[in-house]
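Since the model is a prediction, treat every value here as computed from it, not as a measurement. Positions are given from 1 along the sequence.
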Amino acid sequence: AFPLLKAFGGSIVFVGSKNALAATPNASAYASAKAAALHLARCLALEGAPHGIRVNVVNPDAVIRGSHIWNGAWRQERAEAYGVDPGEALEAHYRERSLLKREVLPEDVAEAVAFLASDLASKSTGNIFNVDAGNAQAFTR
């Protein structure tokens, strides 16, 4: 799509993860892949800017409800990594570790993507937009 966008401009929004910025136990492959995608977005922001292409990243944390990744082994692995029950205790773990003590929902991520793709963000590129209810470990530096 990038060659096409060079002709018309536009916006690309990557959906990453808090783990692109913050290490997490027993998820090195996942976190490394998300970090690579984040850096790809930064590189594309540099390459695309002269063509009017904006590239930004939304980094959610633990979108459990409505996400199929949590229906299988991933849920059990994350629960074991944090020493909690994989049911409500895991959801509570993610909620309580956030500064705002709130869960992140799919619609929260969708709203951030819609904003970054819209003309309201027409002067934004190369940015990381955390949608994580506040996770100090993922603050950008």
Side-chain angles (χ1 to χ4, degrees), residues 1-6 8-141:
F2 202 74
L4 257 172
L5 287 174
K6 282 183 175 180
F8 302 104
S11 176
I12 299 172
V13 181
F14 281 65
V15 177
S17 167
K18 179 268 305 175
N19 295 109
L21 298 168
T24 190
N26 304 322
S28 57
Y30 176 81
S32 296
K34 293 300 185 175
L38 173 64
H39 202 63
L40 174 60
R42 290 172 172 160
C43 292
L44 290 177
L46 287 171
E47 294 172 19
H51 306 283
I53 303 168
R54 299 180 297 106
V55 184
N56 294 288
V57 180
V58 172
N59 276 344
D61 183 24
V63 181
I64 296 176
R65 294 178 193 251
S67 174
H68 295 290
I69 191 174
W70 295 95
N71 292 344
W74 181 254
R75 186 179 193 107
Q76 186 65 38
E77 290 169 11
R78 296 290 77 216
E80 289 174 8
Y82 294 115
V84 298
D85 180 78
E88 288 295 319
L90 182 63
E91 292 183 32
H93 166 79
Y94 283 109
R95 185 174 49 254
E96 290 304 312
R97 81 173 186 185
S98 75
L99 296 172
L100 298 174
K101 309 296 185 221
R102 299 181 69 189
E103 66 182 307
V104 179
L105 302 171
E107 51 267 33
D108 301 324
V109 178
E111 288 171 358
V113 170
F115 168 74
L116 288 171
S118 78
D119 288 339
L120 293 171
S122 65
K123 296 179 182 144
S124 296
T125 193
N127 290 297
I128 301 166
F129 191 121
N130 289 339
V131 180
D132 59 10
N135 188 309
Q137 189 183 14
F139 286 179
T140 54
R141 294 169 183 44

I want to check something: taking the side chain as every heavy atom from C-beta on, are [X] and [Y] in contact at a cut-off of under 4.5 Å?
X      : Y     : answer
Asn135 : Ser98 : no
Val58  : Val13 : yes
Phe14  : Val55 : yes

Tell me the closest heavy-atom pair linking [X] and [Y], and the distance in Å.
X      : Y     : answer
Trp70  : Ile64 : CD1-CA, 3.5 Å
Ala117 : Ser11 : CA-OG, 3.5 Å
Gly16  : Pro60 : O-CD, 3.6 Å

Could you check whether any side-chain N or O of [X] sits under 3.5 Å from a backbone N or O of [Y], counting only pairs where one atom can act as donor and the other as acceptor?
X      : Y      : answer
Asn130 : Ala138 : yes
Asp85  : Gly87  : yes
Arg54  : Leu116 : yes
Asp108 : Val131 : no
Glu96  : Lys101 : no

About how many Å separate [atom2] of [Y] and [atom1] of [X], when rounded to the nearest 0.5 Å?
X     : Y      : atom1 : atom2 : answer
Asn56 : Phe115 : CG    : CZ    : 9.0 Å
Ser67 : Leu105 : OG    : CG    : 11.5 Å
Asp61 : Tyr94  : CG    : OH    : 7.0 Å

Point to revise | Partner set under side-chain hydrogen bond (donor to acceptor under 3.5 Å, both in side chains) for Asn59, not counting sequence neighbours | key: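 If we apply the side-chain hydrogen bond (donor to acceptor under 3.5 Å, both in side chains) test to Asn59, skipping adjacent residues, there are no hits.
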Using a 3.5 Å cut-off and no angle test, enumerate the donor-acceptor pairs between side-chain atoms of residues 25-53 and protein atoms at least two apart in sequence or in another chain.
unit_1	atom_1	unit_2	atom_2	d
Tyr30	OH	Ser17	OG	3.4
Ser32	OG	Ser28	O	2.7

Could I get the full list of salt bridge (charged side-chain N to carboxylate O under 4.0 Å, His left out) partners for [X], not counting sequence neighbours?
X      : result
Arg95  : none
Arg102 : none
Asp132 : none

Practice item. Please check if atom CG in Asn71 has more than 12 non-hydrogen atoms from other residues, nucleotides or ligands closer than 6.0 Å. Key: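 Yes, the 6.0 Å shell around CG holds more than 12 heavy atoms from other groups.
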Point to revise | All pairs passing side chain to side chain donor-acceptor pair (under 3.5 Å) where residues 72-84 contributes a residue, at least two apart | key: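 Side chain to side chain donor-acceptor pair (under 3.5 Å) check on residues 72-84 returns Thr24-Arg78, Thr24-Tyr82, Arg75-Glu91, Gln76-Glu80, Tyr82-Arg97.
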